Amino acid sequence: LHSINKVVDINKSDLEIINTLSGFISSAINNSRLYQEIKQKNEELEELNNITKQVSMSLDVKSVFYNIFTYIKDTYGFNGTHLNLVTPDRKHYKVEFVYYPQELQNYVKFYHGNIYPLNSMGGRVADSIIKNRIYYFTDVEPDLINSKVNREIVENLKIKSAIHIPISIGKEVIGAFFVTSHFKSVYLSENDIESIRRFVNQIAIIIRNSKLYDEIYAARNELLTKNKILAEDLLLAKRIQKALIDFDKPKIKNLKIETVYEPLIEVGGDLYDITMIKPDYYRIFIADATGHGVQAALITIIIKMEYDKIKRIDSLPNIVLSVFNDTFINNYFNLNVFFTCAILDIDLNKNKLTYSSAGHPEQIIIQNHKMNKLYCRNKIAGAMKGAEYTKMVLDFNPEDRVFLFTDGIFEEFNEHGEEYKWISVFNFIEKNKNESLKKIVKNLIKSVNKHTHQMSDDITIIGLEYKE
């Protein structure tokens, strides 16, 4: 504080008041920073969730690479990148993809496709791959760089900041993600670097998936001869998965239940569980693992296995979800598995419903014949240890209904590429809410099948109705 043109006399009491006000300012600044950090972390998790879904549904390395770079560019200010992959002889690395700002477009052809030795002559990229180490530099000065390869790249491209992140599949380093800022520096914290590393891991996953696809395609003729065995195995897997999602209907009183489970092929990535925790108290679990088919089905097995261990915990659904998430990450962190899920507790003794979810889409409830949504804006399961989950608590009275489902019910497309959409599900249920529960569920599936040109995802619906 300062005074212009006149003297201000203050006493000790005045100083104490000013000091207290300064403390308020400090707290406000700190709270603002915490809010921004939380907001940034939520945006990061949301984008990571989107990219993870893309990875599970695509083998297009280039598309995923550019989506990840776009996020890093928009978030941190970098504006150039190389994707460098080790060649099959493991003696060199190749610049597979390149992106530079408009002013440096002439250099794209110059560097794209270049092959460098995987030794000290290959520059910092080679060093990052060989040592499996992250390197970050800012305020770069070309005159201080000893390596000829590094110095030429920095000078040509006017690089001011750069980060090299190795790309690994298991213990094998298969390349390095090189991100640069041109003309001005970018400053990163350790948390920023760790965040970028998490996104780079998704490149490793899709490269791995792409390699697996190539191996499967190469072995196609051999696999054709084993088709009969595979068909028998899929039939067995289908029976196993059906056993996982089976429940004892006769034991469930006062709660009418209608379910539909339609995997994309014989087995899929959707899962549900209905358990009576105690008399007139039911816990319903629904999950959607990324991907389809056998791979997703295997993931549902470990999801179900871990859920069964904790599903009878005498706690609210959001607490159960938190324990479930941490346990799953502890046991399967190296698998890079993410999935959406929701837990619904129905207490018919107290006429209460408690709901919590992890990245799962909005669900639907009908209370006193009025439509409403069940939704909690929480992090996807398997993404972050220690995540906290919110809950919804609502009245649940006779004749009230709940519809739980996975995103496959509304992410179906017709021959024109038009999506069925969540609102279509909502509108269909609202229009038919006076029909029987069984008829609503059955006809909703018919409506989706009529719309879609070809089924593209697993579909699961659980209809619940309180019947006295």
Side-chain angles (χ1 to χ4, degrees), residues 40 44 47 51 61-86 92-118 120-168 173-204 206-207:
Q40 182 179 351
E44 176 191 327
E47 185 63 24
I51 291 174
V61 179
K62 186 175 181 180
S63 175
V64 174
F65 166 72
Y66 281 123
N67 283 348
I68 291 173
F69 171 67
T70 298
Y71 172 79
I72 294 172
K73 177 168 67 73
D74 294 344
T75 304
Y76 302 104
F78 289 99
N79 53 1
T81 184
H82 287 191
L83 177 62
N84 309 285
L85 296 180
V86 176
H92 304 83
Y93 70 87
K94 182 180 179 182
V95 182
E96 295 286 351
F97 303 123
V98 177
Y99 177 89
Y100 297 141
Q102 189 62 39
E103 303 92 322
L104 300 170
Q105 282 299 304
N106 291 338
Y107 286 99
V108 171
K109 292 182 179 180
F110 184 78
Y111 287 108
H112 182 258
N114 282 4
I115 296 176
Y116 297 93
L118 203 55
S120 59
M121 300 298 293
R124 188 64 68 180
V125 171
D127 200 27
S128 177
I129 294 170
I130 294 168
K131 296 180 180 179
N132 192 15
R133 178 178 171 184
I134 295 175
Y135 290 100
Y136 164 58
F137 305 95
T138 194
D139 296 326
V140 176
E141 294 293 340
D143 295 339
L144 301 178
I145 299 175
N146 294 324
S147 167
K148 181 181 178 182
V149 172
N150 290 340
R151 187 169 59 253
E152 286 181 352
I153 291 176
V154 168
E155 289 176 341
N156 290 340
L157 301 178
K158 315 298 183 190
I159 294 174
K160 299 303 293 180
S161 297
I163 183 169
H164 303 261
I165 299 182
I167 303 170
S168 303
V173 182
I174 62 167
F177 189 73
F178 177 40
V179 192
T180 51
S181 70
H182 307 263
F183 311 113
K184 66 177 182 178
S185 297
V186 169
Y187 301 99
L188 300 176
S189 66
E190 290 185 5
N191 286 338
D192 293 334
I193 294 172
E194 177 60 22
S195 173
I196 293 172
R197 186 195 63 79
R198 282 196 292 270
F199 279 87
V200 172
N201 284 344
Q202 300 303 311
I203 297 177
I206 196 166
I207 291 173

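Numbering of residues begins at 1 and proceeds along the displayed sequence. Everything numeric here is computed off the predicted structure, so don't read it as measured data.
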Between F199 and I165, does a side-chain contact (heavy atoms from CB on, under 4.5 Å) hold up when you go through it step by step?
CA-CA 10 Å; F199 279 87; I165 299 182; over 6 Å; no
Is the shortest heavy-atom distance from the side chain of T180 to the side chain of S161 under 4.5 Å?
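Sidechains of S161 and T180: no contact.
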State, yes or no, whether a side-chain contact exists between I167 and L83 at a heavy-atom distance under 4.5 Å.
yes
Among I163, T81, V179, find the one that has a side chain to side chain contact (heavy atoms under 4.5 Å, CB included) with I72.
V179
Are [X] and [Y] linked by a side-chain donor-acceptor pair shorter than 3.5 Å?
{"X": "Y111", "Y": "N156", "answer": "yes"}
{"X": "D192", "Y": "S189", "answer": "yes"}
{"X": "Y100", "Y": "H82", "answer": "yes"}

Measure the spacing between NZ of K160 and CZ of F137 and express it to the nearest 0.5 Å.
14.5 Å
NE2/H164 to OH/Y136 distance, rounded to the nearest 0.5 angstrom?
12.0 Å
Give the minimum heavy-atom separation between P101 and N79, together with the two atoms involved.
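P101 and N79 have their closest heavy atoms at CD-O, 3.1 Å.
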Of the non-hydrogen atoms in G77 and S181, which two are nearest, and what is the gap between them?
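Closest heavy-atom pair between G77 and S181: O-CB, 4.4 Å.
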Is the centre of the F65 ring less than 6.0 Å from the centre of the F177 ring?
yes
S195 side chain to N191 backbone, donor-acceptor under 3.5 Å
no
Apply the test side-chain contact (heavy atoms from CB on, under 4.5 Å) to residues L188 and T138: give CA-CA distance (whole Å), side-chain angles for both, the deciding distance (0.1 Å), then the verdict.
CA-CA 9 Å; L188 300 176; T138 194; over 6 Å; no
Begin from the C-alpha positions of K94 and L85 and carry the test side-chain contact (heavy atoms from CB on, under 4.5 Å) through to its verdict.
CA-CA 5 Å; K94 182 180 179 182; L85 296 180; 5.7 Å; no
